[in-house]
Each structure stands twice: as structure tokens, then as C-alpha cells.
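These numbers come from a predicted model, not from an experiment. Quick note on labels: first sequence line is chain A, next is B, and so on, each numbered from 1.
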Amino acid sequence: MKISALNGFKDIIPGEVELWQHVENVARDIFSRFNFSEIRMPILEKTDLFARSIGEATDIVEKEMYTFIDKQITMRPEATASLLRAYIQHGLHVQKPVQRLFTIGPMFRHERPQKGRLRQFHQMDVEVLGTPNPRVDAELMAMGAMFLEKLGVTVSLEMNSLGCPACRPGFRETLLAFIEERKDKLCDDCVRRSTTNPLRVLDCKNPKCREQVEEAPSIQEHLCDDCAEHFTSVQKGLDQLKVDYSLNKFMVRGLDYYTRTTFEFITKDLGAQAAVGAGGRYDGLVEKLGGPKVPGIGFALGMERLVLLLQQKEEQKTDNSKIDIFVAGLGEKASEFVFPLVHILRQQGLQTAMDHEGRSLKSQMKQANKLNAGYVLIIGENELEQGQAVLRNMATQEQQEITIDSDNMKMASLLMKKCRQ
RNA sequence: GUGGGUGUAGCUCAGUUGGUGGUAGCACCUGGUUGUGGCCCAGGAGGUCGUGGGUUCAAGUCCCAUCACUCACCCCA
């Protein structure tokens, strides 16, 4: 029986991994422009951490976590909880009143895989801890937009406010009353939601529910004064930074901890998985996890989704990988001479390849061509006897004779010069 | 957890009413050039037709089961 990877788990093989590196490189570039520092956390945490942060009643905690039951530890289903745990544990709030952190890595959720959704998936997670300032909300969204634009994916930004513990319960009641009136016209899922998470009825995909919900009360009109002021300030900030966005009173978020600002970067090109990035404010969460009473806001980008979008955009990304020099040794004697020389070239910093299979020169030339080598150094029995090797420039097809020096270091520095000029 | 679709070479796919697995394309190897790449030409290698049963003289093809993949629902990045 052939062994294959687990369902929902994927290898990222050469040819594809370059795109991932590209996404990460762009992210690190943009995030550092915004003064973010990287943090890396372990993948395993105590189960309780996620139960407390994400919410006991959410699907993620109820049935999607990879948990070692006997040890009460869980592979993280998202990054925010772990990041906050590290923030609290190391007292990062004392070192700096406002922390701007990001992390990149795998997350695990036992859901049924589909397009843009795997059981092991990768997120880039960005968090700002220690400031309630609505400008930061706008700044974060602007950074996300800048990153996605730099990558070259087109998305739309949608924003909403979910209020705070002062105003959301009131809205919840108003909404429940509205739902109760037309319960018979909603889908089964929505009837269930009305008891588990009424806000979720607002973003049901069912067209009939959408129709019903059209007239539903808007949370944006039920915010308390503080939340309303925060909400308008965020919008003002986005306007100042010239970030395109639209308000979506139906957008709610799945995780319990969100307060006030929530947002999503949405694409039409990924089927059911519309969100390539999403997040929001979570002002009570750090305290809830036993940390200082500090507000926070953050968002996550789904890397699989970004990579899919990039793959769709340009069918074949031209392979730019290139090596400096291919050393072709012909015959056993030459191979023996060439073997340590190649090592010196690598020590000197040249990307160097050679063949170990004793293949013909023609075959080795083909390999060199495939590797996109800048130069090929040809050394066979003849060259060894005459003390002259051939250096071929693959682009210009020009060849020149190089004196073979028994001192590999001298030979290497000569080749360095030739190859790098 | 629920529903639909698909499983043939490393990849993309042909395969007729059941009648011997394809000179198919890409990729790989060798040769055409005593020791010189891309293009071209010739040749080669590569398969338990997802797996296990069943029907039949005969199954890649029909039936059942199972596994995997995939899309969607739920949920979510």
C-alpha cells in the first residue's frame, strides 16, 4: 500500500514553494515598513487556552480541534490565542506599551477540506496590542490592503462594528425579536443559529434568508456612543489613508472575542472561500486570558488562498532560479579532480552543481541548461593532460581556456572573477 | 458531520455497444554530434486501469462495497 499524506494535509513541493516564499517575502517587507516584529510560538498549547479565547460554543472548539485528549493539549487552530499567551507570559506589555507583532505558520482544524481550505493551513497573523486608538484599526486595514496590492491580488475590503459588551447585548435582543417574527421564513440553519449565535443569521448564504434579513436592524445604528465614535473615527482614518472599503452591516465574525471593528478582505475568485484575510478588534481578550487590561486588534491572512489566487493569475510563473556554474567532469579521473573543486566554489559563494552519474558531456550540458547555469566548466582527460579547462558562457556560447591550477583556491578565485563579471 | 462529482504512466488526458492498456501531449533516459545545452528527429523506460468483491466465455468499461481526491453545505483564513 502506498503511503500518502493525510486528507487535508498537503506537501509544498519545489516549483510551488517559490510562490510561498514570494508571499512571505512581500509580507515581511510590508509588515516591517509598519514597524511590526516577528514572533514565533509553539504549535501545541493547552486545550483550555483555545476554549477560553475562541469560545466554548464555537464549532472550532466543539468539534474541529486536533486535541490529545489524555494530555489536554491541542494543535493551534488559529494564532491569536497563542500569540496573546506568549505576550502575557513574557510580560511584553511592560517592555513596550504598544506591541506590534506578526507570526507566520501552520494552523490545524479538523474540517472537511475544500477549495482554499485544508486541515493544516497556513496563516500570516498580525496583532497590535495595547492601544484602543481607531487610527490603528485604519492603519492595520491599510497595511493589509497595501500587502495584497503589492502581491497583485484584487480584493475588496468590507468593514463593520460589532459593538462592545455595553451595546451588543441590547442589539442582540432587538435582532432576536426581529428573527422571531419571521422564523418560519428562514432556513433550518438560521433557526438553529437564532439560539446558538443570532448574529450569524445576518450573513447566511441562503438567498431567502438574505431577503428576509434585508430589513433587519443594523448594528451600526445600535452602537453605544463610544463605539459609534470609534466606528466613525476608523472610517475617517481609512479615508485619510485613501483605502477603499465598504460598510457591511451583515458581516459578523465567527470567533467570540471580537469587539467593535471587524473586517474582511474578500475575493470573488476562490469559490466559497471568499475571505483571504479577516480580523478585528478584541478589547477584552487579553484580560480574559489572565493578562493586563489592554485592548487589541489583529487579522489573519490565509496563505493557501493567496497562493491559489497568484497561481490563477499567472498560469506559469517563470522559473527564475539560476545557478552560477555547472562543473562537467568527464570520466572518473576528471570527476575526482572536480569533486573538491566544486566544494571550494561553494565555499566561495558560487551556486554550483555537478553530475555524479558519469554521464556524457551532452547529457551534462542538458542538465546545466535545465538548471539555467550561467557557465559550464568542462574538464575531461584532455584538459587534465594539457592543463587547460574550457569555460563556456551559456548565454553567449563563448568559450575560453582556463589554466588548470592544482591549487583549488586559486582556481576557484579565478572562476569567481569570471563568473561574476 | 451532510450531499454531489471524479479515480487510467510522475503530470494532463484518450479509451466506441463489454472483445489484447495509448506511435497521445508534457516531463524523464539514450542516440542522431569520438567531448558541447535550448530547436528538431529517432528510440527507450515508465501501469497491480484507486482497492476488494460480483455479473460474464470475456470488465478500464456493467453492479455492489470500500478508500482516496475534489466541489459544495455547516463552519471559517
Do NZ/NE/NH1/NH2 and the carboxylate oxygens of [X] and [Y] come within less than 4.0 Å?
X	Y	result
R40(A)	E38(A)	yes
R117(A)	E111(A)	yes
D283(A)	R281(A)	yes
D48(A)	R52(A)	yes

### Query
Any sub-3.5 Å donor-acceptor pair from D355(A)'s side-chain atoms to Q364(A)'s backbone N or O?
no
#### Entry: Backbone N/O of T103(A) and side chain of D125(A): donor-acceptor pair under 3.5 Å
no
### Task
Mark up nucleotides 32-44 of chain B, 5' to 3', with B wherever a protein heavy atom is under 4.0 angstrom from a base atom, S wherever such an atom reaches only the sugar-phosphate, and - elsewhere.
B--BBBB------
### side chain to side chain donor-acceptor pair (under 3.5 Å) assessment of E127(A) paired with T80(A)
CA-CA 8 Å; E127(A) 315 283 351; T80(A) 303; 2.8 Å; yes
### Proximal nucleotide (of rC71(B), rU70(B), rU30(B)) relative to the S363(A) side chain
rU30(B)
### Message
If you only use heavy atoms from C-beta on, which nucleotide in rC29(B), rA72(B), rC74(B) is closest to the side chain of R193(A)?
### Response
rC74(B)
### Task
State which residues pass side-chain contact (heavy atoms from CB on, under 4.5 Å) with K249(A); sequence neighbours excluded, sorted by chain then number.
S218(A), Q220(A)
### Query
Hey, does the side chain of Q114(A) come within less than 4.0 Å of rU70(B)'s phosphate (OP1/OP2), counting only N and O?
no
### Task
Record whether the side chain of R117(A) comes under 3.5 Å of the base of rC75(B) through a donor-acceptor pair of N or O atoms.
yes
### Message
Please convert RNA chain B into dot-bracket. A pair counts if it is Watson-Crick or G-U wobble with both distances under 3.5 Å; crossing pairs go in [ ] and bases paired with another strand get |.
### Response
(((((((..((((.....[..).))).(((((.......))))).....(((((..]....))))))))))))....
### Query
Rounded to the nearest Å, what distance is computed from the CD1 atom of residue I60(A) to the P atom of nucleotide rA77(B)?
6 Å
### Whole-angstrom distance between rA45(B) and rG31(B), as gauged at atom C1'
14 Å
